[in-house]
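Please read the structure below before turning to the comments.
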Amino acid sequence: MTTNAFPDGFLWGTATAAYQIEGAVDDDGRTPSIWDTFSHTPGATVRGDTGDIACDHYHRWRDDVDLLEDLGVNAYRFSIAWPRVVPELGGNVNPKGLDFYERIVDELLARAITPVVTLYHWDLPQYLQDLGGWANRDTAHRYGDYVAAVAERLGDRVPYWLTLNEPYCSAFVGHALGQHAPGMRDEATAVRAVHHLLLAHGIGAQRLREQAVAGHVGITCNLTAPYPASATAEDQAAARRLDLVENRMFLDPLFTGAYPPDAAAYFRDVTDFGFVRDGDLATIAAPLDFFGINYYEQHAVLADPDDPVRGWRRVPDPDPTIVGIGVHPEGLRTVLTRVARDYTSVPLVVTETGIALHDYVDPEGRVHDAERIAFYESHIRAARQAIDDGVPLVGFFPWSLLDDFEWSWGYGYRYGMHYVDYATQARIPKDSARWFATVTRANGL
Ligand code: IFM
């Protein structure tokens with residue numbers, strides 16, 4: 001029977017990431033990450049925006065926890081900044097960095113809000129990038145040491161751990177497209193980075209288990225729902241190739257312990273996967289307790305005859321949002337049912353989904369974001385349908401709690417349920433925040 005209520009204990013949350021909201025980039029021993037370097041590179045971000053101040057969450061975090069309470073969420077996903085915890089090469093742990101996150105975790109727990117901790121949301125310490133970053137296998141081991149340090153301090157209290165956020169973006173958007181830090185345009189390095197990120201995930205998960213953390217261990221991937229623009233064999237093959245890059249390069253190693261069978265041919269002109277060592281895939285594919293999915297995109301795919309190897313083109317969405325992608329809640333259902341059917345039976349969590357708008361404060365001091373409410377509502381319905389399809393979905397976290405530093409887009413695009421006035425750092429609940437609070441309190445629509 002279809003119902004709009006969600007299962008008891010369902011996690012209703014929202015999400016943020018350290019570099020996007022914290023600011024305080026020099027406080028208490030933090031050193032630069034690749035995003036500090038990249039955002040300070042002329043031309044890398046819109047208007048030269050940086051995360052130097054962002055939402056000043058480092059100093060205002062307690063007020064932001066109040067916002068969570070107002071939303072009525074029972075969970076909150078945030079990330080820990082590696083360069084706060086291990087600010088220098090050599091692995092010395094900075095207690096002040098850990099103190100900050102411990103305060104947040106304890107405050108959340110005191111307010112019955114379940115902390116969901118992302119251990120890596122793109123802010124690689126710059127000192128590791130100087131040694132090759134994710135192209136260097138050793139980064140995966142350094143990541144393991146960092147994870148162990150966090151687990152030693154917080155392992156008894158954090159119920160959900162996510163090793164990585166969106167390795168697709170770290171690897172391909174950062175190393176092949178050059179739009180994210182470290183700003184490289186080299187596909188061979190991007191594929192190497194995929195492997196070392198996944199290896200880092202596996203090593204990080206191992207280190208969490210060795211520390212006997214009390215919580216569940218998972219990873220978040222951003223998955224898309226590509227489909228052929230027509231029934232021709234060419235378009236079908238093109239959609240499958242895009243699916244390889246965006247989805248299967250991550251899902252297959254994580255859940256089947258092998259790169260997809262078509263990966264070697266697809267990347268044949270850039271790599272022979274010689275960086276994969278014996279045992280790596282077993283480390284990567286060690287069992288998880290849950291799996292996080294960030295969903296933003298469904299797209300039609302056309303064959304591109306001019307490019308026989310890659311050979312795909314995304315069809316521009318007929319009704320795009322300001323970031324150029326469409327609103328397709330049915331794609332969320334597709335992605336969830338696919339993962340549950342083809343890859344894993346572990347509980348799934350929608351760790352992000354959301355829409356960027358040009359929100360503004362009206363003369364009465366209100367922010368009317370009806371499109372965001374419609375977006376959330378349709379995606380929550382899609383999530384509910386996935387549960388009806390048998391998907392073990394246990395949580396839903398709209399992106400985001402706050403407007404924030406949206407990476408290379410800077411501050412121009414707003415994703416938050418709270419409007420941030422960057423000049424005063426005032427937070428103004430948007431209509432979507434009030435609406436979402438009714439959902440969390442009713443446990444459904
Ligand atoms: O802001 C990002 C987030 O850091 C990762 N997922 C997509 C969001 C919206 O662009």
Side-chain angles (χ1 to χ4, degrees), residues 13-23 33-36 38-39 44-46 49-51 54-55 57 76-82 116-124 162-174 177 179-182 197 218-225 246-247 250 291-299 317 320-328 331-332 335 349-359 369 371-372 375-376 379 395-420 422 430 432:
T14 183
T16 60
Y19 188 70
Q20 294 183 271
I21 62 168
E22 285 179 0
S33 75
I34 54 174
W35 267 97
D36 297 83
F38 185 70
S39 64
T45 66
V46 176
D49 287 348
T50 74
C55 306
H57 173 78
Y76 172 51
R77 172 178 176 236
F78 63 98
S79 82
I80 292 184
W82 186 349
V116 178
V117 167
T118 309
L119 287 155
Y120 181 71
H121 199 124
W122 305 353
D123 41 3
L124 183 72
L162 291 160
T163 53
L164 304 180
N165 177 70
E166 301 185 0
Y168 166 85
C169 291
S170 297
F172 286 109
V173 186
L177 302 177
Q179 294 162 356
H180 279 184
L197 280 153
I219 179 175
T220 278
C221 290
N222 53 318
L223 300 180
T224 62
E246 293 186 338
N247 300 313
F250 303 91
F291 183 58
I293 293 172
N294 292 355
Y295 169 75
Y296 290 89
E297 289 183 52
Q298 166 177 282
H299 28 245
D317 200 274
T321 68
I322 58 174
V323 299
I325 53 180
V327 175
H328 297 289
L332 175 61
V335 163
V349 176
V350 176
T351 38
E352 284 181 31
T353 190
I355 182 170
L357 299 172
H358 288 306
D359 298 310
D369 57 343
E371 277 177 272
R372 184 169 290 107
F375 181 99
Y376 288 172
H379 286 69
F396 189 96
F397 292 63
W399 183 267
S400 177
L401 173 65
L402 301 170
D403 295 336
D404 63 6
F405 174 73
E406 275 299 329
W407 309 112
S408 46
W409 294 320
Y411 295 98
Y413 295 158
R414 294 177 179 269
Y415 271 97
M417 284 186 266
H418 294 89
Y419 183 94
V420 176
Y422 294 107
K430 302 179 190 176
S432 58

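Atoms within a ligand are numbered from 1 in the order they appear, just like the ligands themselves.
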(message) Regarding ligand 1, does Q20 bring an N or O atom to under 3.5 Å of one of the ligand's N or O atoms?
(response) yes
(message) Checking the N or O distance criterion of under 3.5 Å, is ligand 1 in contact with H121?
(response) yes
(message) Quick check: N165 and ligand 1, any N/O pair under 3.5 Å apart?
(response) no
(request) Answer with yes or no whether the side chains of S79 and Y19 bring together a donor and an acceptor at under 3.5 Å. (result) no
(request) Among all protein heavy atoms, pick the one closest to atom 7 (C) of ligand 1 and tell me residue, atom and distance. (result) E352 OE1, 3.2 Å
(request) Mind checking the CH2-CD spacing from W407 to Q179? Nearest 0.5 Å is all I need. (result) 14.0 Å
(message) If the threshold is 4.0 Å, N to carboxylate O, is there a salt bridge linking R372 and D359?
(response) yes
(message) Please report the interatomic distance CG(L162) to CZ(R77), rounded to the nearest 0.5 Å.
(response) 5.5 Å
(message) Show the atoms of ligand 1 that are less than 4.0 angstrom away from any heavy atom in E406.
(response) 1 (O), 2 (C), 9 (C), 10 (O)
(request) Nearest 0.5 Å please: distance from the CG atom of L197 over to the OH atom of Y120. (result) 6.5 Å
(message) Below 30° counts as parallel, above 60° as perpendicular, anything between as tilted: where do the rings of F38 and W35 land?
(response) perpendicular
(request) Show which atoms of ligand 1 fall inside a sub-4.0 Å distance from at least one heavy-atom site of E166. (result) 5 (C), 6 (N), 7 (C)
(request) Give the single entry among Y296, Y415, W122 that approaches atom 8 (C) of ligand 1 most closely by any heavy atom. (result) Y296
